[in-house]
Protein chains: 2
Amino acid sequence: MDEDGRKIPTHEVTYARLRDMILFGVLAPGQPVTIQGLTAELDAGMTPVREAIRRLTAEGALTPQGNRRVSVPQMTEAVLDQLAWARLAIEPQLARLAMRRLTPGLIARLTALDDEVNAAIGAGNLAGYLRANHAFHFTLYEAAEAPVLMDIAQSLWLRAGPSLRLVMGRFGSSGLPDLHAEALEAMRGGEGEALSAAIARDIQQGVDQVRLALSEGAF
Amino acid sequence: MDEDGRKIPTHEVTYARLRDMILFGVLAPGQPVTIQGLTAELDAGMTPVREAIRRLTAEGALTPQGNRRVSVPQMTEAVLDQLAWARLAIEPQLARLAMRRLTPGLIARLTALDDEVNAAIGAGNLAGYLRANHAFHFTLYEAAEAPVLMDIAQSLWLRAGPSLRLVMGRFGSSGLPDLHAEALEAMRGGEGEALSAAIARDIQQGVDQVRLALSEGAF
DNA sequence: TCCTGGATAATTTGATCAAATTTCTTGCCG
DNA sequence: CGGCAAGAAATTTGATCAAATTATCCAGGA
C-alpha cells in the first residue's frame with residue numbers, strides 16, 4: 001500500500017528493488033541477470049521480474065547480449081566519456097533550475113543528507129555512501145521540477161552505478177575538496193552559477209576516480 | 001529472422017511497431033493505450049504488447065495515468081522547454097562527433113535522405129516526412145558511435161513525436177531556410193562546428209513551430 | 001572440425017484474478 | 001411527474017501466474 005492507501009503493484013516494487021541493486025552496487029559489472037534467478041531473490045513471479053528487467057534495459061541499466069541473455073554492463077573508456085559529457089551537460093542545468101525554488105527547509109534537508117554522506121565515508125560504508133550521495137543529488141534536482149531532465153539524469157546514474165562500488169576502496173585516502181559543502185554554501189548564498197559549478201566539479205571528481213580505476217584495469 | 005539468421009522475438013517486433021506509431025504520428029497526444037486494444041492491432045499476445053508498453057513508458061514515450069492506465073502524453077509548455085534545451089545540448093554534440101567519421105558514402109546517403117524529406121514536404125506527405133527526417137538525423141548521429149547519447153536523443157524524439165503531426169499543416173506555406181542543406185554543405189566541407197550549428201538551428205526551427213502551435217491552443 | 005542430442009533458460013500463450021470504469025437501476029427531491 | 005444522484009451490477013482492462021513452446025548453449029562423439 002502507498003500513502004494514498006492504494007496497493008502498489010508487484011512489478012513496481014520489483015522494479016524499484018532491482019533498480020536499487022544496480023544503483024547501489026549490489027550487482028557487479030558483467031554479472032549475468034536471469035529471470036529465474038531473480039524470481040527467487042526478489043520473491044516475485046516471472047512476469048514482474050521480466051518487466052523490471054525490460055524497463056531497466058530500456059533505461060540503459062542492463063544490456064541485452066544478443067542471445068536473449070541480459071547482464072550488467074561493463075564500463076568502458078568510450079562509455080565513460082559519454083557519461084561524463086552528458087552528466088556535465090544535464091546535471092549542472094538541473095542544479096541551476098533548482099536554485100530558484102530552494103527553500104530553507106530543503107537546504108536543511110540537503111545539509112542533513114550531506115552529513116550522512118560524510119558519515120558513510122568516514123565509516124567506510126559503501127552502500128550507505130552511494131545511497132546518501134544519490135539522495136543528495138536527486139533531492140536537489142527534484143526541486144528543479146524538470147521531469148524530462150530528471151529521467152535523463154536517472155538513466156545516466158544507472159549506467160554508472162555498478163562501477164562505483166569499485167571506486168570506493170581508493171577514497172578515504174584522498175584529500176579531495178568537499179564539493180557538496182561548496183554546493184551547500186552556494187545554495188545558502190542563492191548563487192545559482194556557483195551551485196552549478198560546484199555540481200559540475202563534483203561530477204568531474206567522481207568521473208576522474210572511475211577513469212583512474214578503469215585505467216588501472218580494475219574492471 | 002535477422003541478418004545473422006537469428007529469429008527476432010515477437011516482443012522486439014511489437015516494440016518497434018508501437019514505437020514507430022508514436023514516433024511517426026499515428027497515435028495522437030492524449031490517446032489512451034490499452035493492452036488488449038493493441039493485441040488486436042499489432043497481432044501479438046498480451047505479454048509482448050505489455051512489454052512494449054513498459055519499455056516505451058520507461059523511455060518517456062508513454063505516460064502512466066496513476067490508475068494503471070497508460071496514454072500518449074500531451075505536450076505542455078514546460079515539457080517543450082525541457083525537450084528543447086536537452087535536444088540543443090545533445091544533438092549538436094552528436095553531430096560534432098559524427099563529423100570525424102563521415103565518409104563520402106554516408107554523405108551521399110544523407111543527401112538522398114534529405115531529398116526524400118523535401119519530396120515529402122512537397123507532396124504534403126506527413127508520415128513520409130517524419131520518417132525521412134528521423135532517418136536523416138539518426139543516420140548522421142549513428143556515425144558518432146556514441147550509444148549513450150543516441151539513447152538520450154531517441155528518447156527525446158519519442159517524447160516529441162506525437163506533437164509533430166499537428167505542426168505539419170502550417171508548413172508548406174513558410175519560407176523557412178533549408179537547414180538540412182546547410183548541414184550537408186558543412187559535411188562536405190568537413191566543418192564540424194558549422195555542422196553542429198546547422199543542426200542546432202534545425203532543432204530550434206522545429207521547436208519554434210511546435211511552440212507556435214502550442215500557443216495557439218492546437219492541443 | 002562439424003554435427004548431434006540434452007540441458008538450461010527465455011518466450012509466449014491462455015487462464016484466472018483484481019481493479020476500475022461505465023452503465024443501469026432505483027429512490028428521493030423538486 | 002420528471003430529473004438527478006447515489007449505489008450496485010456488469011463490462012472492460014490490467015496484473016499475475018503456470019504451463020507449453022522454442023531458442024541457445026555446451027558437451028561428447030564421429
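Here is the naming used below: chain letters follow the sequence lines, and residue numbers restart at 1 for every chain.
- The distance from atom CG of B:Leu38 to atom C1' of D:dT13 is 12 Å, rounded to the nearest whole Å.
- The side chain of B:Arg50 places no N or O atom within less than 4.0 Å of a non-bridging phosphate oxygen (OP1 or OP2) of D:dG14.
- Each of B:Ile53, B:Leu38, B:Val49, B:Thr47 was checked for a side chain to side chain contact (heavy atoms under 4.5 Å, CB included) with B:Thr14, and the lone residue meeting it is B:Val49.
- Residue contacts shown for B:Arg69 are limited to sugar-phosphate atoms, with no base heavy atom under 4.0 Å away.
- In this entry the distance linking CZ of A:Arg54 with P of D:dT16 reads 16 Å, nearest Å.
- Proximity of a side-chain donor or acceptor of A:Gln31 to a complementary backbone N or O of A:Ala28 within less than 3.5 Å is detected.
- Atom CD1 in B:Ile35 sits roughly 15 Å away from atom P in C:dT12 (whole-Å rounding).
- Rounded to an integer number of Å, the gap from A:Arg68 CZ to D:dT21 P is 15 Å.
- Axis deviation across the helix from C:dT1-D:dA30 to C:dG30-D:dC1 amounts to 30°, comparing end segments of five pairs, rounded to 10 degrees.
- With no hydrogens or angles considered, a side-chain donor-acceptor pair links A:Arg54 and B:His11 at under 3.5 Å.
- To the nearest angstrom, P of D:dT16 lies 16 Å from OH of A:Tyr15.
- In this structure, A:Asn67 reaches the D:dC25 phosphate: one of its side-chain N or O atoms is under 4.0 Å from OP1 or OP2.
- Phosphate contact (OP1/OP2 of C:dT13, side-chain N/O of B:Thr47, threshold under 4.0 Å): absent.
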Compile the donor-acceptor pairs under 3.5 Å between side chains in residues 131-138 of chain B and protein atoms, sequence neighbours left out, one pair per line.
from     : atom 1 : to       : atom 2 : distance (Å)
B:Asn133 : ND2    : B:His180 : NE2    : 3.3
B:His134 : NE2    : B:Gln154 : OE1    : 3.4
B:His137 : ND1    : B:Tyr141 : OH     : 2.9
B:His137 : NE2    : B:His180 : NE2    : 3.4
B:His137 : NE2    : B:Asp202 : OD2    : 2.8

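- Put simply, the side chain of A:Arg17 gets close to the backbone of A:Leu42: a donor and an acceptor are under 3.5 Å apart.
- For the pair B:Gln65 CD and C:dA20 P, the computed distance is 13 Å after rounding to whole Å.
- Position along DNA chain D of the nearest nucleotide to A:His11 versus A:Met46 favours A:His11 as the more 5'-ward residue.
- Classification of B:Arg159 and A:Asp151 as a salt-bridged pair holds, one side-chain N sitting under 4.0 Å from a carboxylate O.
- Nearer the 5' end of DNA chain D, as judged by each residue's closest nucleotide, is the contact made by B:Val70, out of B:Val70 and A:Pro48.
- Looking at B:Ser155 and B:Glu59, their side chains never bring a donor and an acceptor atom within 3.5 Å of each other.
- One can place CZ of B:Arg55 at 11 Å from P of C:dT11, the figure rounded to the nearest angstrom.
- Nucleic acid contact class of A:Val49 (heavy atoms, under 4.0 Å, all strands): none.
- Rounded to whole Å, the distance from CD1 on A:Ile53 to C1' on C:dA10 is 10 Å.
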